[in-house]
Amino acid sequence: MSADDANENGGAETSGLDFIRTIIAEDLASGKHDKVVTRFPPEPNGYLHVGHAMAICLDFGVAAENADSRCHLRFDDTNPATEETEYVDGIMEDVRWLGFDWGEHLHFTSDYFETLHGYAVSLIEQGKAYVDDQNAEEIRANQGSLTEPGTESPFRNRSASENLDLFARMRAGEFDDGEKVLRAKIDMAASVVALRDPILYRIQKKAHHRTGDAWCIYPMYDFAHGYSDALEGITHSLCSLEFQDHRPLYDWFLDQVETQSRPRQIEFARLNVSHTITSKRALRRLFEGGHVRDWDDPRMPTLAAMRRRGYPPEGIRAFCKAVGVGKSPKLIELANLEFHVRQVLNKEVPRRMGVVDPLKVVIENYPEDQEEFLEAINNPEDESAGTREVPFSREIYIEREDFLEDPPKKFFRLAPGREVRLRAAYFVTCTEVIKDGAGEVVELRCTYDPATRGGDSPDGRKVKGTLHWVSARHAIGAEVRDYETLFLEEEPNLDGEGGLDAALNPSSLVVRTGAKLEPAFEDAVPGERFQLERLGYYCIDSDSAPGALVLNRTATLRDTWAKVAKGGGPKGDNPSKPSKKQNKQKKQKKEDG
RNA sequence: UGGGGCGUCGCCAAAUGGUAAGGCAGCGGCCUUUGGAGCCGCCAUUUGUAGGUUCGAGUCCUACCGCCCCAGCCA
């Protein structure tokens with residue numbers, strides 16, 4: 001849809017659009033704007049996470065959807081105490097990886113320091129800002145409370161010339177950190193706390209990652225943000241809900257000086273995903289407490305971690321799109337994110353075989369010195385992915401959990417006397433179980449049916465189970481890292497009983513050092529993604545070294561057997577499985593309660 | 001007890017006064033050389049609650065209830 005189309009009916013076609021896109025469509029239709037300019041404004045003091053992904057998709061998405069529009073990447077770098085170039089680089093990499101491009105429009109709030117300073121001077125000249133000598137505690141004490149108004153600073157009514165002089169001396173470095181601040185003169189009795197004479201500038205004698213020692217006074221967010229938006233010609237300044245209270249302030253600043261454009265702030269609910277946390281403080285605790293290995297530990301909710309884990313950016317974008325934009329608080333189930341990740345991976349990623357917990361199988365009627373190459377389909381979802389050759393020989397590995405000596409009813413895998421299919425290979429029948437002194441199964445003996453080469457029986461004999469396998473002689477050893485959620489609860493409480501330790505999932509990382517992979521993995525490089533058939537999607541980790549592959553499990557496959565097995569107890573039957581009718585009754589009961 | 005926001009299925013979400021879309025999850029079935037994928041079906045007599053207006057209300061009005069955010073010289 002274009003703005004022109006919308007104009008023809010005198011209004012915008014907004015059905016199905018979220019509230020922000022509706023506002024934008026209307027602004028375009030009414031002629032208030034002829035293009036959309038948005039910005040994504042991260043502070044370079046940490047890594048981007050899932051929550052940011054949704055803001056990025058919104059900011060850049062809305063620009064991409066409209067003609068002549070654009071989205072700026074602006075680093076909101078007004079606090080040298082916490083900001084570093086390392087984060088600037090990381091954030092740029094993450095945004096690019098997610099699939100967005102800011103073109104020429106890479107900006108920094110620090111680029112506007114001189115202009116911003118000019119606006120502050122103008123406020124002082126107008127009598128709308130003053131230098132306050134109170135210290136931090138005094139300012140806090142005079143701020144009032146949520147229900148009581150604040151009290152005015154004794155320095156509130158200094159003359160403009162005195163304020164100008166003081167502010168100049170602040171800039172010149174004559175005062176120490178915290179000795180003086182510049183405040184707006186608004187209303188100490190405002191019910192919106194943000195309006196009670198907010199601080200515009202504070203003294204911080206610290207080097208800034210871009211401006212170095214040029215400044216020792218730095219602007220605060222509220223003062224800097226709207227002006228930066230105006231300076232860049234931002235039309236719609238999208239931010240999260242917690243800034244809603246600040247909107248009157250955003251507008252107030254813009255009202256006080258002449259700017260070349262008038263941006264509008266619109267707030268939306270930030271995105272949260274179950275079983276994870278995204279606060280910078282919590283992320284830092286995980287990292288510094290050694291609970292994760294790094295900022296891009298695949299269990300982290302950071303984009304860097306998701307990249308390392310193997311999440312495709314298209315999947316994350318699809319997820320954000322599906323979740324939508326609104327103002328009601330969102331806590332999205334992880335399953336929803338995983339669905340979109342799997343959906344992309346299923347279509348795009350080549351299949352391979354690998355055994356994560358190997359059990360040796362000897363095929364007794366297969367000649368000792370023989371080997372052959374069997375053709376296997378690379379991706380049943382994508383014919384163009386072609387086929388590959390997989391070596392087969394007398395000794396193979398199968399997954400330990402694919403064999404049970406005393407199988408429950410619906411267990412379609414290997415058991416004594418039972419015949420199964422080896423994927424892309426042959427039917428095999430288990431003839432003997434070999435155990436060690438402790439009674440643990442250490443090896444299986446099988447026979448194969450040469451007539452079933454490729455996996456079909458000429459006599460039409462059916463087999464229920466298909467197992468993945470790897471030829472022992474040809475196998476590549478690897479380390480496989482299986483991940484579960486970092487936290488046990490949907491909404492982890494790091495400060496509850498037992499603290500962080502109690503909130504963490506003890507099996508968030510399971511390392512399998514003895515995995516065996518088919519030789520097609522020979523040339524695999526870090527970042528490459530595969531599906532290990534019947535197990536899940538995996539990505540080659542950056543910890544890999546030549547001859548020492550490390551695989552991250554991106555996501556498991558949907559596993560209906562796991563559900564049956566779990567729900568039905570050790571024998572796999574589930575007599576208490578509720579019928580549809582019972583389900584309905586259950587639901588009814590719930591509603592009544 | 002100040003101010004700002006939000007309440008439609010387990011989780012998201014559409015519906016703009018005309019008789020509750022869709023996705024995820026779940027459940028049943030079909031199909032299957034991945035217990036994957038795919039396909040089919042089921043899953044809100046009702047929108048936080050109570051009143052009211054209207055021929056008609058998730059949408060309008062009133063009152064109440066619940067949840068989130070705000071008292072950094074952070075953003």
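In what follows, every chain begins at residue 1, and chains take the letters A, B, ... in the order their sequences are listed.
For the pair A/R423 and A/W469, the NZ or CZ position fails the cation-pi test of under 6.0 Å to the six-membered ring centre and within 45 degrees of the ring normal.
A distance of about 44 Å separates the P atoms of B/rG35 and B/rU47, rounded to the whole Å. A gap of 11 Å separates the P atoms of B/rU16 and B/rC60, to the nearest Å. B/rA13 and B/rU53: their P atoms are spaced 33 Å apart (whole Å). Annotation: B/rG22 and B/rC9 have their P atoms spaced 15 Å apart (nearest Å). Taking atom P on both B/rC64 and B/rG2, the two are 12 Å apart, rounded to the nearest angstrom. Rounded to a whole angstrom, the distance from the P atom of B/rG56 to that of B/rC67 is 35 Å. Using atom C1' as the reference point in both B/rC31 and B/rG41, the two lie 15 Å apart (nearest Å). Distance check on atom P: B/rG10 versus B/rU49 gives 13 Å, rounded to whole Å.
Side-chain proximity of A/N336 to B/rC24, B/rG35, B/rU34: nearest is B/rC24. In the set B/rC6, B/rC24, B/rC12, the nucleotide with an atom closest to the side chain of A/E333 is B/rC24. With B/rU34, B/rA13, B/rC74 as the candidates, the nucleotide lying closest to the side chain of A/R351 is B/rU34. Considering only side-chain atoms of A/K327, the nucleotide from B/rC6, B/rG23, B/rG36 that sits closest is B/rC6. In the set B/rU34, B/rC12, B/rC24, the nucleotide with an atom closest to the side chain of A/I332 is B/rC12. In this structure, of B/rC12, B/rG35, B/rG5, it is B/rC12 that holds the atom nearest to the side chain of A/L331. Comparing B/rU34, B/rC12, B/rC74 by their closest approach to the side chain of A/V323 singles out B/rC12.
Between A/R342 and B/rA37 there is no side-chain polar atom (N or O) within less than 4.0 angstrom of OP1 or OP2. At B/rA37, one or more side-chain N or O atoms of A/R558 fall inside 4.0 Å of OP1 or OP2 (strictly under the cut-off). Side-chain N/O atoms of A/S328 include none lying less than 4.0 angstrom from OP1 or OP2 on B/rC12. Applying the 4.0 Å criterion to OP1 and OP2 of B/rC73, one finds that A/K180 has every side-chain N and O outside that range. In this model, the phosphate group of B/rA75 is approached by a side-chain N or O of A/T78 to a distance below 4.0 Å at OP1 or OP2. For the pair A/K280 and B/rC74, the criterion of a side-chain N or O lying under 4.0 Å from OP1 or OP2 is not met.
A 4.5 Å side-chain heavy-atom check between A/S145 and A/E148 finds at least one atom pair inside the cut-off. With a 4.5 Å cut-off on side-chain heavy atoms, A/W561 and A/K410 count as touching.
For A/E381 and B/rG36, a side-chain-to-base donor-acceptor distance below 3.5 Å is present, hydrogens and geometry of angles not being considered.
Checked for salt-bridge contact, A/E419 and A/R461 meet the test: a charged N lies under 4.0 Å from a carboxylate O. Classification of A/R388 and A/E518 as a salt-bridged pair holds, one side-chain N sitting under 4.0 Å from a carboxylate O. Electrostatic pairing of A/R156 and A/D197 counts as a salt bridge here, judged by a charged N lying under 4.0 Å from a carboxylate O. Under a 4.0 Å N-O distance rule, the pair A/E232/A/R39 does not qualify as a salt bridge.
When Watson-Crick and G-U wobble pairs are counted only if both distances are under 3.5 Å, B/rC6 pairs with B/rG66. Base pairing of B/rU59 is not made with any nucleotide, judged by Watson-Crick or G-U wobble geometry with both donor-acceptor distances under 3.5 Å.
Within 4.0 Å of A/E267, counting heavy atoms only, lies no atom of the nucleic acid at all.
Non-hydrogen atoms lying under 4.0 Å from RNA chain B are contributed by A/E43, all within residues 43-54 of chain A.
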Between side-chain atoms of residues 200-207 of chain A and protein atoms elsewhere (two or more places apart, or another chain), which donor-acceptor pairs fall under 3.5 Å?
| from | atom 1 | to | atom 2 | distance (Å) |
| --- | --- | --- | --- | --- |
| A/Y201 | OH | A/H117 | N | 3.3 |
| A/R202 | NH1 | A/T78 | O | 3.3 |
| A/R202 | NH1 | A/Y218 | O | 3.3 |
| A/R202 | NH1 | A/P219 | O | 2.7 |
| A/Q204 | NE2 | A/N79 | OD1 | 3.4 |
| A/K205 | NZ | A/G173 | O | 3.0 |
| A/K205 | NZ | A/F175 | O | 2.7 |

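Between the C1' atom of B/rG38 and the CG atom of A/N379 lies a distance of 13 Å, rounded to the nearest Å. The nearest whole Å value for the distance from the CZ atom in A/F19 to the C1' atom in B/rG5 is 11 Å. The distance from atom NZ of A/K205 to atom C1' of B/rC73 is 15 Å, rounded to the nearest whole Å. Whole-Å rounding puts the A/K464 NZ to B/rG36 C1' distance at 19 Å.
Residue order along RNA chain B, read from the 5' end via each residue's closest nucleotide, puts A/E148 first among A/E148 and A/R453. Map A/R423 and A/R202 each onto its nearest nucleotide of RNA chain B; the residue landing nearer the 5' end is A/R423.
Side-chain rings of A/F268 and A/F19 stay apart, their centers remaining 6.0 Å or farther from each other. Taking the centre of each ring, A/Y87 and A/Y47 come in below the 6.0 Å mark.
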Please enumerate all protein N or O atoms sitting under 3.5 Å from an N or O of nucleotides 64-72 of chain B, with distances to 0.1 Å.
| from | atom 1 | to | atom 2 | distance (Å) |
| --- | --- | --- | --- | --- |
| B/rA71 | O2' | A/Q143 | NE2 | 3.4 |

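Closest of all the heavy-atom pairs between A/G455 and A/R421 is O-NH1, 2.7 Å.
Side-chain atoms of A/T276 never come within 3.5 Å of backbone atoms of A/V273 as a donor-acceptor pair (strictly under, hydrogens ignored).
Between A/W561 and B/rG35, a base-stacking contact is recorded: ring centres under 5.5 Å apart, planes less than 30° from parallel.
Applying the 90° criterion around 0 to the glycosidic angle, B/rG72 comes out syn.
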